[in-house]
Amino acid sequence: QVQLVESGGGLVQPGGSLRLSCAASGSGFSIYTVGWYRQAPGKERELVALLTSAGNVNYLDSVKGRFTISRDNVKNTVSLQMNSLKPEDTAVYYCNVGRTNYTGTQWGPQYWGKGTLVTVSS
């Protein structure tokens, strides 16, 4: 069992940056894929970025070159550095840890945080 707590959301102007963090407690963190998903109002949840235990990464096309996912298997944390933010990045962002392959296919247990709101607006 893994418990996740996100932090770092907030209001930022277009072109600005935010760093989301996710702290994990429980066992087995290092063997799982970690990821960030988001859900905008009226839209389905979508994969933003994931990082497998082997180091494979996958990003949503619209965030490539702007977002960077990272993990620390000693501190059991996941981060998402978001640069050059756009209004369309506005959403609730969810941290995810689980059995997921690098394409985003979930094949085993999944754990989710409660989400943190990111608002990009002038």
Dump the intermediate steps for side-chain contact (heavy atoms from CB on, under 4.5 Å) on Arg19 and Ser79, then the final yes or no. CA-CA 7 Å; Arg19 185 176 182 86; Ser79 297; 3.5 Å; yes
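- Under the 4.5 Å side-chain heavy-atom criterion for ILVMFWY residues, no single connected hydrophobic cluster contains both Val12 and Leu117.
- With Tyr32 as the aromatic partner, Arg71 does not meet the cation-pi criteria of under 6.0 angstrom to the ring centre and within 45 degrees of the ring axis.
- Judged as a salt bridge (charged side-chain N to carboxylate O under 4.0 Å, His left out), and not counting sequence neighbours, Arg99 has no contacts.
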Could you go step by step and tell me if Asp89 and Lys86 meet the salt bridge (Lys or Arg N to Asp or Glu O under 4.0 Å) rule? CA-CA 5 Å; Asp89 295 319; Lys86 304 175 181 181; over 6 Å; no
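- Shortest non-hydrogen contact noted between Val74 and Asp72 is N-OD1, 2.9 Å.
- Applying the disulfide bond (SG atoms under 2.5 Å apart) test to residues at least two apart or on different chains, the pairs with a partner in residues 11-112 are Cys22-Cys95.
- Linking ILVMFWY side-chain heavy atoms closer than 4.5 Å, directly or via other members, places Leu60 and Leu50 in two distinct hydrophobic clusters.
- Between Val97 and Leu4, some side-chain heavy-atom pair lies under the 4.5 Å cut-off.
- Linking ILVMFWY side-chain heavy atoms closer than 4.5 Å, directly or via other members, places Val34 and Ile31 in a single hydrophobic cluster.
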Start with the C-alpha gap between Leu20 and Phe67, add the side-chain angles, then the distance that decides, and say whether side-chain contact (heavy atoms from CB on, under 4.5 Å) holds. CA-CA 11 Å; Leu20 304 183; Phe67 291 10; over 6 Å; no
Mind listing the side-chain donor-acceptor pairs of residues 40-48 below 3.5 Å, one per line with the distance, residues two or more places apart or on another chain?
residue	atom	partner	partner atom	Å
Glu46	OE2	Arg38	NE	2.8
Glu46	OE2	Arg38	NH2	3.3

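- Linking ILVMFWY residues whenever their side-chain heavy atoms come closer than 4.5 Å, directly or via other members, places Leu51 and Tyr111 in the same cluster.
- Heavy atoms only, all atoms of each residue included: Val92 and Gly115 are closest at CG1-CA, 3.9 Å.
- Rounding to the nearest 0.5 Å places OH of Tyr93 at 7.5 Å from CG of Leu80.
- By the side chain to side chain contact (heavy atoms under 4.5 Å, CB included) test, Ala23 pairs with no residue at all, sequence neighbours left out.
- When atom types are taken as modelled, the side chain of Asn101 and the backbone of Gly104 share a donor-acceptor pair closer than 3.5 angstrom.
- In this structure, Thr116 contributes its side chain and Gly9 its backbone to a donor-acceptor pair below 3.5 Å.
- Aromatic pair Tyr37/Trp112: ring centres closer than 6.0 Å.
- A donor-acceptor contact under 3.5 angstrom links the side chains of Ser17 and Asn83, judged on distance only.
- For Thr90 (side chain) and Val120 (main-chain N/O), a donor-acceptor pair under 3.5 Å exists by modelled atom type.
- Nearest heavy-atom pair, Leu85 versus Arg66, reported as atom, atom and distance to 0.1 Å: CA-NH1, 3.8 Å.
- No side-chain donor-acceptor contact under 3.5 Å links Thr119 and Ser121.
- A continuous path of Ile, Leu, Val, Met, Phe, Trp and Tyr side chains, each step under 4.5 Å between heavy atoms, connects Val57 with Phe29, placing both in one hydrophobic cluster.
- Remark: Tyr94 pairs with no residue by the ring pair (Phe, Tyr, Trp, His ring centres under 6.0 Å) rule, at least two apart or across chains.
- Side-chain polar atoms of Gln81 and Ser70 form no donor-acceptor pair below 3.5 angstrom.
- Applying the side-chain hydrogen bond (donor to acceptor under 3.5 Å, both in side chains) rule to pairs touching residues 1-16 yields Gln3-Ser25, sequence neighbours excluded.
- Tyr59 contributes a side-chain N or O that, together with a main-chain N or O of Ile69, makes up a donor-acceptor pair within less than 3.5 Å.
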